[in-house]
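Below is one structure, written out as structure tokens; comments come after it.
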Amino acid sequence: MLKSLKKVLMASAILGAASSAALADDINIIVVSHGQANDPFWSVVKNGVTKAADDMKVSVDYRAPETFDMVAMSQLIEAAVNQEPDGLIVSIPDGDALGDSIKKAVAAGIPVISMNSGSDVSKSFGALLHVGQEEFDAGKAAGEKLANLGGKKGVCVNQEVGNVSLDQRCAGFTEGFGGNVSILPTSNDPSEIAAKVRAAIDSDDSIDTILALGAATAGEPSVQAVEDAGKHGKINVATFDMSPGFLKAISDGKAAFAIDQQQYLQGYLPVSFLALRARFGLMPGGNVPSGPNLITKDKAAQVVDLSAVGIR
């Protein structure tokens with residue numbers, strides 16, 4: 001009897017493994033994001049994609065242009081459509097540039113979920129839902145918090161000019177802060193950002209607030225620029241997103257807070273949703289907000305380890 005039971009269990013395990021392999025072969029999902037290879041933020045998104053693919057036993061192909069290039073991204077989306085995947089996940093930093101390509105996917109019968117950016121246009125393009133945060137509202141919350149900390153004159157450091165979501169962050173920040181905010185356009189080169197922030201605060205002693213739009217690319221260089229200028233304690237620095245270095249700056253009292261949009265979820269949830277839709281016809285009934293959450297000094301130590309391993 002025991003031997004028979006062992007044989008049944010072994011057969012069940014073999015069939016289960018074979019079934020999982022078949023499921024992986026049966027469902028193919030493509031992700032096209034605008035995230036650049038040198039931006040640690042997007043490595044966390046990709047980690048979420050990879051984990052969801054493993055958990056849901058599906059095949060996922062992650063693609064992104066080498067630079068912030070909407071023409072190249074549109075071409076990647078259209079190439080994905082031609083492959084007829086079971087699902088397509090896209091970020092939408094510029095709806096005008098990417099809308100037609102996304103509509104082609106929908107017209108071809110490919111279920112589309114948007115993530116990270118594009119919540120304002122996602123539905124109009126035919127996407128099933130959006131996973132991310134409302135960028136204007138997140139910027140406004142940051143502005144209100146920084147104004148409550150005594151800020152009167154601010155700078156919004158934009159490292160990806162042309163990304164509508166980042167423009168919305170700065171606009172929200174300006175409203176929440178009560179005006180008197182200037183936009184500092186940069187590339188996503190941390191050295192350039194540090195130099196430009198230093199030049200800005202050296203030329204205007206009334207600047208008391210800096211909001212960066214990316215932790216590793218802009219937040220950490222902004223903290224360094226303030227330190228190098230000898231203005232620690234005189235200028236509050238906050239950032240969208242998180243990195244181990246910026247979280248340490250918060251813990252050390254060198255930065256005010258980070259805005260966590262939980263980008264791991266932006267990679268993980270759309271893959272899971274599309275897998276569930278393909279297998280069981282299941283799908284949430286609306287957009288899924290992944291943030292914002294303000295990470296202040298009392299919370300920073302709790303998430304620094306997870307940030308170091310690419311989850312937060």
Side-chain angles (χ1 to χ4, degrees), residues 33-48 68 91 93 116-117 132-133 135 138-139 141-143 145-146 149 154-161 163 165-166 168-170 172-173 184-198 209-228 232 235-267 290-312:
S33 85
H34 67 275
Q36 299 170 58
N38 67 339
D39 189 341
F41 173 92
W42 286 99
S43 67
V44 177
V45 176
K46 189 174 181 181
N47 287 343
F68 185 75
S91 60
N116 178 259
S117 52
Q133 70 180 1
E135 302 293 4
K145 178 69 172 178
L146 289 164
L149 292 175
V155 173
C156 188
V157 184
N158 188 340
Q159 81 278 3
E160 215 168 65
V161 176
N163 184 333
S165 293
L166 299 197
Q168 291 172 341
R169 291 177 178 182
C170 286
F173 169 46
L184 182 64
T186 72
S187 71
N188 70 344
D189 178 355
S191 297
E192 178 190 325
I193 291 170
K196 286 194 170 183
V197 170
R198 174 68 187 272
T209 303
I210 296 172
L211 179 65
L213 304 185
T217 52
E220 291 182 34
S222 295
V223 170
Q224 189 62 53
V226 169
E227 280 198 277
D228 291 345
H232 171 57
I235 298 177
N236 279 319
V237 181
T239 190
F240 274 78
D241 309 322
M242 299 189 299
S243 67
F246 199 88
L247 288 169
K248 186 176 187 306
I250 296 173
S251 295
D252 293 344
K254 296 178 180 179
F257 60 84
I259 302 168
D260 179 19
Q261 62 175 300
Q262 300 183 113
Q263 70 268 35
Y264 187 90
L265 290 179
Q266 295 174 10
S290 64
N293 300 297
L294 294 188
I295 305 299
T296 51
K297 188 174 183 178
D298 59 323
K299 300 177 184 177
Q302 299 172 5
V303 297
V304 67
D305 291 340
L306 291 174
S307 179
V309 296
I311 295 176
R312 294 292 296 274

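Because only heavy atoms are used, hydrogens play no part in the values below, and waters and symmetry mates are left out as well, while side chains stay in.
- Between Ala225 and Val197, the shortest heavy-atom distance links the atoms CB-CG1, 3.7 Å.
- Here the CZ-OG1 distance, from Phe257 to Thr296, works out to 9.5 Å after rounding to the nearest 0.5 Å.
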Worked verdict on Asp260 versus Val303 for side-chain contact (heavy atoms from CB on, under 4.5 Å): CA-CA 10 Å; Asp260 179 19; Val303 297; 5.8 Å; no
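- Atom CG in Leu146 sits 5.5 Å away from atom CZ in Phe173 (nearest 0.5 Å).
- Side chains of Lys299 and Asn293 form no contact here, defined as non-hydrogen atoms less than 4.5 Å apart.
- Pairing each heavy atom of Ser251 with each of Ala301, the nearest pair is OG-N, 4.0 Å.
- Within a 6.0 Å sphere centred on NZ of Lys196, heavy atoms belonging to other residues, nucleotides or ligands number more than 12.
- A distance of 9.5 Å separates OG in Ser33 from CZ in Phe41, rounded to the nearest 0.5 Å.
- Between the side chain of Ser307 and the backbone N or O of Val304, no donor-acceptor pair lies under 3.5 Å.
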Under the side-chain contact (heavy atoms from CB on, under 4.5 Å) criterion, do Ile259 and Arg169 qualify, and how do the steps go? CA-CA 11 Å; Ile259 302 168; Arg169 291 177 178 182; over 6 Å; no
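- Closest of all the heavy-atom pairs between Ala218 and Gln159 is CB-OE1, 4.2 Å.
- Thr239 has its side chain out of reach of Ser222: every pair of non-hydrogen atoms, C-beta onward, lies at least 4.5 Å apart.
- We find the OG1-CD distance between Thr217 and Glu160 to be 8.5 Å, quoted to the nearest 0.5 Å.
- Residue Phe246 comes nearest to Ala215 through the heavy atom pair CB-CB, 4.3 Å, listed as atom of the first residue, atom of the second, then distance.
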Check step by step if side-chain contact (heavy atoms from CB on, under 4.5 Å) holds for Leu211 and Phe240. CA-CA 8 Å; Leu211 179 65; Phe240 274 78; 3.9 Å; yes
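- Here the straight-line distance linking atom CG of Asn116 with atom CD of Gln261 works out to 5.0 Å at 0.5 Å rounding.
- Across all non-hydrogen atoms, the minimal contact from Pro190 to Pro221 is O-CB, 3.5 Å.
- Between Ile193 and Thr186, the closest heavy-atom pair is CG1-OG1, 3.3 Å.
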Hey, mind stepping through Ser91 and Trp42 against side-chain contact (heavy atoms from CB on, under 4.5 Å) and telling me if it holds? CA-CA 11 Å; Ser91 60; Trp42 286 99; 4.2 Å; yes
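- Atoms CD and CG, from Glu135 and Leu166 in turn, are 7.5 Å apart once rounded to the nearest 0.5 Å.
- Applying the side-chain contact (heavy atoms from CB on, under 4.5 Å) test between Val44 and each of Gln266, Met242, Gln263 identifies Gln263 as the sole match.
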